[in-house]
Each structure stands twice: as C-alpha cells, then as structure tokens.
Amino acid sequence: MRQSRFFIQTLREVPAEAEVSSHKLMLRAGMIKRVAAGIYNYQPLGLRVIRKVENIVRKCMNEAGAVELLLSMVQPAELWQASGRWTHYGKELLRFKDRGGREFCLGPTHEEVITDLVSGTVNSYKQLPLNLYQIQTKFRDEVRPRFGLMRGREFIMKDAYSFDIDEEGAEKSYKKMYDAYCRVFESCGLRYKVVDADSGSIGGSFSHEFMVLADTGEDAVISCSSCSYSANVEKAVVADTCKDEGEAPLKSEEVATPGLHTAAEVAEFLGVDLKKVPKTMIVKVEGVKENGKSADKLVAVIVRGDHEVNLAKVKNLLGGAGADFAEPGEVIKAVGCPVGSLGPVGMKLPVYMDNALKHAKNLVVGANRDGYHIKNVNAGADYEAPVYADLRNAVPGDICPECGGVYELTRGIEVGHIFKLGTKYSASMDAKVLDKNGRAVPFVMGSYGIGIGRTAASAIEQNNDEKGIIWPKAIAPFEVVVIPMNTNEDDVVNAADSIYGELLAKGADVIIDDRNERAGVKMIDSELIGYPLRVSVGRKGLAEGKVDISVRGTGETVSVPAEKAAEEVMRILAGLN
RNA sequence: CGGGGCGUAGCGCAGCUGGUAGCGCACCUGUCUUGGGAACAGGAUGUCGCAGGUUCAAAUCCUGUCGCUCCGACCA
C-alpha cells in the first residue's frame, strides 16, 4: 500500500469530543470519525485493524467448531414479543415501523432470531451440538455512548450461540468457547483476565467476562492475590470472616442527631468508628415469588457504614427479578420515617444484614425516628437477630472464599462475555428438539459475545505512549512502514521502493509512506499511527549503504545494509508480539 | 433520566459591552527546503446549529428548539 493513496489524514490537535486515550488516538490517527453520537465511520486505517481482530476471532471460532452465518439486522417485533423482551429490553432497543405499520427493531443481540432459525431447522438431537456465530453491526440505543469505539451505539460484535440437547452438552460447548476466547485475546496480544460475572439482562445461569486490564477501564474487577479467582465487583463473593471480638455489650441509649443523615456524619458527630455505624437502606425487590404469586417486596438491608450495598446480591437472595433503592416517598409510607434515621430497632420490614455485622457489638443505628439514633445497640437485646448474608460489594482486603487469600481491586474493559443460557429462550419461544427417546425437549443454549471495536480500542488503551499508539503486531493496521526520508532524491526513493517491493514479496504487511512530506512529518505520523516497525531510508544512511530499522514498542533502532533490510525486518518481526 | 458545559472554516479556538467575521493548523499556487510537525509570498474556504422575536442593524440581546459533550444508575 502506498500511503499517498490511502485516504488518511492525521490530526495534530485532538478533537474536543475525545476523553480517553484510545478515542483521542484513533481520531488523531485518522482511523475513525464520528457521524453522530456513538456512531462512527471506519476509515481505511481503522478498518484494517477491525478486520484483523475479526479474522483472529473467526479463526479461533472456526477452530472451536463454530460455524459462521449472518443474521438479519432488522428484526420483527413478533420474535421479541415471543421471548418477552419486546417489553423488557427497554429503550436500548431501537424500534420503528415499516410503511405498513408493522413494528421492527434494530438487532442489539440475536437470541430471538437464532432461536427461531434453529428451531425451524434442527429437529433431532443427532444434529447437535451446534454452535453458530456471526460478525455483524449491532445497534443499542445506549443511554450514554462515550469513549469512541469503547461504547458506541452502533458497534461491531461477534456473537455466537450454542445449542445442545442437555446440560452436560451445554457445559462442554461453554467450555469450548471459554478456551476459544482465551486464544482470541492472547492472539490479539492483550493482557486480560477472565472474571466471574452477573448475567444481567441477557439472563441465564452463569457467565464469565473477559476483561482487558487498563486503568481507564469502566469496570472494577476484584481478584484474589493468591489464587486465580477473579470476579466483577457486582459478583465477587465475600467470605464470611466476621468473628466475635468478645466485646461486652453495653446498654442501649437514644441520642439526638439533628440534621445528621449519612453514616459518616453520625460517626463523626458521636466520635465513633464508621464501622460501628451501619447504614440501613430500604430496597424494593421486584417480582419476588411468594405463595405462587410474584410481587414487589420492600426489605431493610443493613451494611457496615464503610461498605456498599450490592443490589444484585439482594435480588438474588430474595429470588427477585430486579432490585433498586426505594423512593423516599415509599420509605416514609412503609416505615414512617425518612431515609437517614433508619435502623433495625423496631423496623417494620424484614431485615437483612450483611455478614460483616454478624458479631458486631454496640452499634449506632437510626432510631426510625427523624433526627435520632441509638447507641450501643446489640442483636438479641435490642432487635431480633436478622437474616445474615453476603449483601455488599467486595472491597480490597476482603478474603477470598476459594483460598483464603486477599482481594485486590483492578480496572478492566469488558471485551467479551459468555453466558450459559439454559432453556431461557428455547422455553419461552417454544424451540424444541427430539431427544433419544423421541420426546420434544427445549434446546439448552449458550450465548457468547466479543466487542470487535472495543477490543481494538482496548488494545490502544493498553499500549500507547505520549507519541501515539503502539500496536500489538497481530492487529496493527500494517506491520511495517517504509519511509523514504528524502523524496526529492531518486536514490533514496528507489532504495525505499525496492525494500518495499522485497517486503511485499516476502509476504510482509507493509505500507510505504511515499508522500512528498518532510522526514519529520512522516516519522511523527508513523509513531502516532503505531506501526510496529519502521524502515527509514535516507540520504545519510545510504551514503554508507545502510538503512535504519526502528521498533515502535522499545524505541530501539538498528542500522543494517540496505540489501539486507527486508530480511532483517522479517527476522525482527518474527520476534515481536 | 437527573446535574454542568458547548454549538463560529476540515480540526483547535477567538470575537459575544450589537455595526455584517477572524487566528493557528490543515488545504491550493509558486519559490525554496527535505534524518524529527521548515520558511517566505500569494490564494480558497463559513446559510456563526436551527426557528422565531427585539432593533435602522444580531454571531453578539431574548425565547424556543435541535444537536453534541462531561459527571452519576446499564452493557460487547
């Protein structure tokens, strides 16, 4: 490729829209351009990266036995109504009508379409297991698109769906995808971590997230310092290590705390440790099944003052469909006291306490009376022992339930997510297959996603410096750039051309920067764009028959004889990752 | 959805105590230059987001509207 013909324009200044380094650098390097909020054009340079990521994904998926297809992007409402998600998916689903008034949506994911397709095609267990995937543009009308390709509304995703006759088969399929995903991210040259995750709105029984480690990541990841356990903060299980310290219980006493509402304010006012001042939150858990009926239920959740309530854990404990903090109005109606002075003593709602409070003595809690708290409160003496459970977010220093090690907190970017769906979709959409006994049973499914653009962006997030991008070789737009430093000198131009030709002949992924620009401009652009290797062909070096090869990642430069240049480039490339 | 900021040339911005638009980079022509974003000379580029209103006169003031963006609950 000749750069003069390549439709590329680098920017010296960062467009105001960009906040994180991957976004800034992709814009400056002329790889993407914004069309509307969360919607981007991929320019040739950016597209090459996207295609390389796609091809790595494709290769790993094919090796794992998955088969590529392409599903429709515009999807009829009926399919979504059948699964129940037409009403549940929410505003992220972009809906519209055709000329006949029929309702459609742009596919944000394809469980419905694929389930419908497979159930109409596969009739016998003999046709299973089956794993189908596609690489396609998705649309999710995100609340807040940001960070360029990191969180677009229109984005390219690889999604795969597995179909098995039973749980055992589904687990094998899941494991295959798990392994394939590891190979994908390794092949892309990324540092990543596999994390236990909550399955969220896609639903299903268990799931893992693949996180690329980066300080700018939007997700907090808890990982154990001594074993391999790691999990999303949402999901991380906290070991119950609360011990009885043998503190003698004191007699409780009500104190006035006018105008003090947060645990921190009360702790400071009374001069006690924040750990002794639990906070009481009223949580509304939706769709709790009781006596065969499903209803919303209000409960009091109490965690230590220095901890955070984890709504997902509350939801799971109560078996609800969702959970959120109750509105202030609902709280007053239910317990007769506003938020800020709540506590377990005389609480009208069922009380759930975090494990960390199991043996806590002499606590300071709200009196359920506005402006009052109670000191020296103890379970048993002052309130009935509540249900204790793991109800909070993990924090660094917590103990790992697997091995007893200590938790650490890192940040990551979620680039892949795999779900074991079970029969969630096949059952609701009545997608069945005949088993060995001739009985119709629902498919046992899994779904598996990789954000292609996000993977590319996270590679930049992980590999850049003040000059620009440092692409891992596997997904660099080109592996090598050849720069004729003096385009007005025939010797230089010819020498560069011939090295370029030799590299092409050797199968290198090479571009020649033949633009009639000054040497400095081309060097700076090559560093911004982040080609792993650069061959500088200039008058000075050529006087001694030499050219320079520089490695973007390390900054090292070696001078080699011009006629050996191509060979040397291939040798260095082979050692790069 | 809640809270802040911004819409002026391809990009970054100034102009906003009303008088009909400017700077840097990029772009075009020429000279010169070519191993780290050269210099000089000349040139082209705008429905000042949109719609109303106030005024002799609006980028500037008022109202509305649309879009973008940043901070908090979701996801590849």
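Here is the naming used below: chain letters follow the sequence lines, and residue numbers restart at 1 for every chain. Keep in mind it's a predicted model, so treat the numbers as computed, not measured.
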- Query: Hey, does the side-chain of A/R28 have a donor or acceptor N/O within less than 3.5 Å of a partner on the base of B/rG12?
  - Reply: no
- Item | Distance, C1' atom - from B/rC27 to B/rU45, rounded to whole angstrom | 9 Å
- Task: Hunt down the Watson-Crick or G-U wobble partner of B/rC1, both distances under 3.5 Å, from any strand shown, or write none.
- Result: B/rG72
- Per A/F419 side chain, nearest of listed nucleotides B/rA76, B/rU69, B/rG37: B/rA76
- Which of B/rG36, B/rC13, B/rC74 is nearest the side chain of A/R534? It is B/rG36
- With no angle test and no hydrogens, is the base of B/rG35 tied to the side chain of A/N486 by a donor-acceptor pair under 3.5 Å? no
- Task: For B/rU20, give its Watson-Crick or G-U wobble partner with both distances under 3.5 Å, or none.
- Result: none
- Is the A/Y192 ring parallel, tilted or perpendicular to the A/F185 ring (thresholds 30°, 60°)? tilted
- Do the side chain of A/E527 and the base of B/rG36 come within less than 3.5 angstrom through a donor-acceptor pair of N or O atoms? yes
- Check the angle between the aromatic planes of A/Y178 and A/Y174 and answer parallel, tilted or perpendicular using the 30° and 60° thresholds. tilted
- Closest heavy-atom pair and its distance - A/R539, A/V492: N-CG2, 3.6 Å
- Message: If you go through the side-chain atoms of A/E13, does one of them form a donor-acceptor pair with the base of B/rG24 closer than 3.5 Å?
- Response: yes
- Task: Classify the side chain of A/R151 versus the base of B/rC75 as yes if they form a donor-acceptor pair under 3.5 Å and no if they do not.
- Result: yes
- When rounded to whole Å, the CD to C1' distance for the pair A/E92 and B/rC75 reads 7 Å
- Note on the structure: By the Watson-Crick or G-U definition, both distances under 3.5 Å, B/rG67 is matched with B/rC6
